[in-house]
Engineer: 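Before I ask anything, here is the structure I am working with.
What you see is a predicted model; the values in this text were computed from it and never measured.
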Amino acid sequence: QEQLAESGGGLVQAGGSLSLSCAASGRGYSGYTISWFRQSPGQAREFVAGIRGSGGGFATHYTDSVKGRFTISRDNAKNTVTLQMNRLKPEDTAVYYCASANTRLILSSLWSEENYDAWGQGTQVTVSS
């Protein structure tokens, strides 16, 4: 299946910022969903943020631990999705993965990785204390 291109990971101090980018086109006739997941050693992959849309509308969603700090957005002209991460904490340290579904997923389906059909290889984000 399609592999998404990710970039922007790195090492920052707590309180700093990073911006992650994912190249993903919205090809689904019923809409699109682009999300970011993260995974740390020994832990399950978890949903972080997602953007889903159809027609001219869209909605963004965040896991509670990043609300107010992370922002997901899409540049339709460039077919890229950006995750702006501010006020980073050591607990944000993980490998971050971009995921895509060629439809506007219902809200309850965002959280499960099995509902996505294309993934990036992952980019490391490390936040030092």
Engineer: Please report the C-alpha distance between Y97 and L4 in whole Å, then the side-chain angles of each, then the deciding distance to 0.1 Å, and finally whether the side-chain contact (heavy atoms from CB on, under 4.5 Å) criterion is met.
Structural biologist: CA-CA 9 Å; Y97 298 89; L4 307 178; over 6 Å; no
Engineer: Calculate, to the nearest 0.5 Å, the distance between atoms OG1 and CZ belonging to T63 and F47 respectively.
Structural biologist: 7.5 Å
Engineer: Would you please name every residue forming a side chain to side chain donor-acceptor pair (under 3.5 Å) with R104, sequence neighbours left out?
Structural biologist: none
Engineer: Is the side chain of S40 donor-acceptor paired with the backbone N or O of A94 at a distance under 3.5 Å, no angle test?
Structural biologist: no
Engineer: What orientation do F37 and W119 show, parallel under 30°, tilted 30 to 60°, or perpendicular over 60°?
Structural biologist: tilted
Engineer: Following the transitive rule for hydrophobic clusters with a side-chain heavy-atom cut-off under 4.5 Å over Ile, Leu, Val, Met, Phe, Trp and Tyr, establish whether Y116 and L107 coincide in one cluster.
Structural biologist: yes
Engineer: Under the rule for salt bridge (Lys or Arg N to Asp or Glu O under 4.0 Å), what residues qualify as partners of R38, not counting sequence neighbours?
Structural biologist: E46, D92
Engineer: Which atoms form the tightest heavy-atom contact between S21 and T82, and what is the distance?
Structural biologist: OG-OG1, 3.8 Å
Engineer: Any side-chain heavy-atom pair from Y62 and V48 closer than 4.5 angstrom?
Structural biologist: no
Engineer: Please report the closest heavy-atom contact between L105 and R52, naming both atoms and the distance.
Structural biologist: O-NH1, 2.8 Å
Engineer: So, taking the atom named OG in S65 and the one named CD in E91, what distance separates them when rounded to the nearest 0.5 Å?
Structural biologist: 6.5 Å
Engineer: What pair of heavy atoms forms the shortest contact from V95 to G122, and how long is it?
Structural biologist: CG1-CA, 3.7 Å
Engineer: Tell me whether E6 contacts the main-chain N or O of C98 through its side chain, where contact means a donor paired with an acceptor under 3.5 Å.
Structural biologist: yes
Engineer: Between W36 and V81, what is the shortest heavy-atom contact and its length?
Structural biologist: NE1-CG1, 4.0 Å
Engineer: Verify the neighbour count for atom CZ of F58: are there more than 12 heavy atoms of other residues, nucleotides or ligands below 6.0 Å?
Structural biologist: no
Engineer: Does R87 reach the main-chain N or O of G15 with its side chain, forming a donor-acceptor pair under 3.5 Å?
Structural biologist: no
Engineer: Please confirm whether the backbone N or O of A99 pairs with a side-chain atom of S35, one donor and one acceptor, at under 3.5 Å?
Structural biologist: no
Engineer: Taking all non-hydrogen atoms of both residues into account, name the closest pair between I72 and I51 and its distance.
Structural biologist: CD1-N, 3.8 Å
Engineer: Closer than 3.5 angstrom, by distance alone: can the side chain of Q13 be matched with the main-chain N or O of S128 as a donor-acceptor pair?
Structural biologist: no
Engineer: Go through the steps to decide whether S17 and M85 satisfy the test side-chain contact (heavy atoms from CB on, under 4.5 Å), and finish with yes or no.
Structural biologist: CA-CA 5 Å; S17 298; M85 305 184 293; over 6 Å; no
Engineer: Any donor-acceptor pair under 3.5 Å linking the side-chain atoms of D75 with those of T80?
Structural biologist: no
Engineer: Under 3.5 Å, is there a donor on one side chain and an acceptor on the other for E113 and N115?
Structural biologist: no
Engineer: Could you go step by step and tell me if T103 and Y32 meet the side-chain contact (heavy atoms from CB on, under 4.5 Å) rule?
Structural biologist: CA-CA 4 Å; T103 185; Y32 67 88; over 6 Å; no
Engineer: Evaluate the side-chain contact (heavy atoms from CB on, under 4.5 Å) criterion for residues T33 and L110: first the C-alpha distance (whole Å), next the side-chain angles of each, then the deciding distance (0.1 Å), finally the verdict.
Structural biologist: CA-CA 8 Å; T33 304; L110 288 175; 3.5 Å; yes
Engineer: Spell out, as yes or no, whether a donor-acceptor pair under 3.5 Å connects the side chain of T93 to the backbone of V127.
Structural biologist: yes
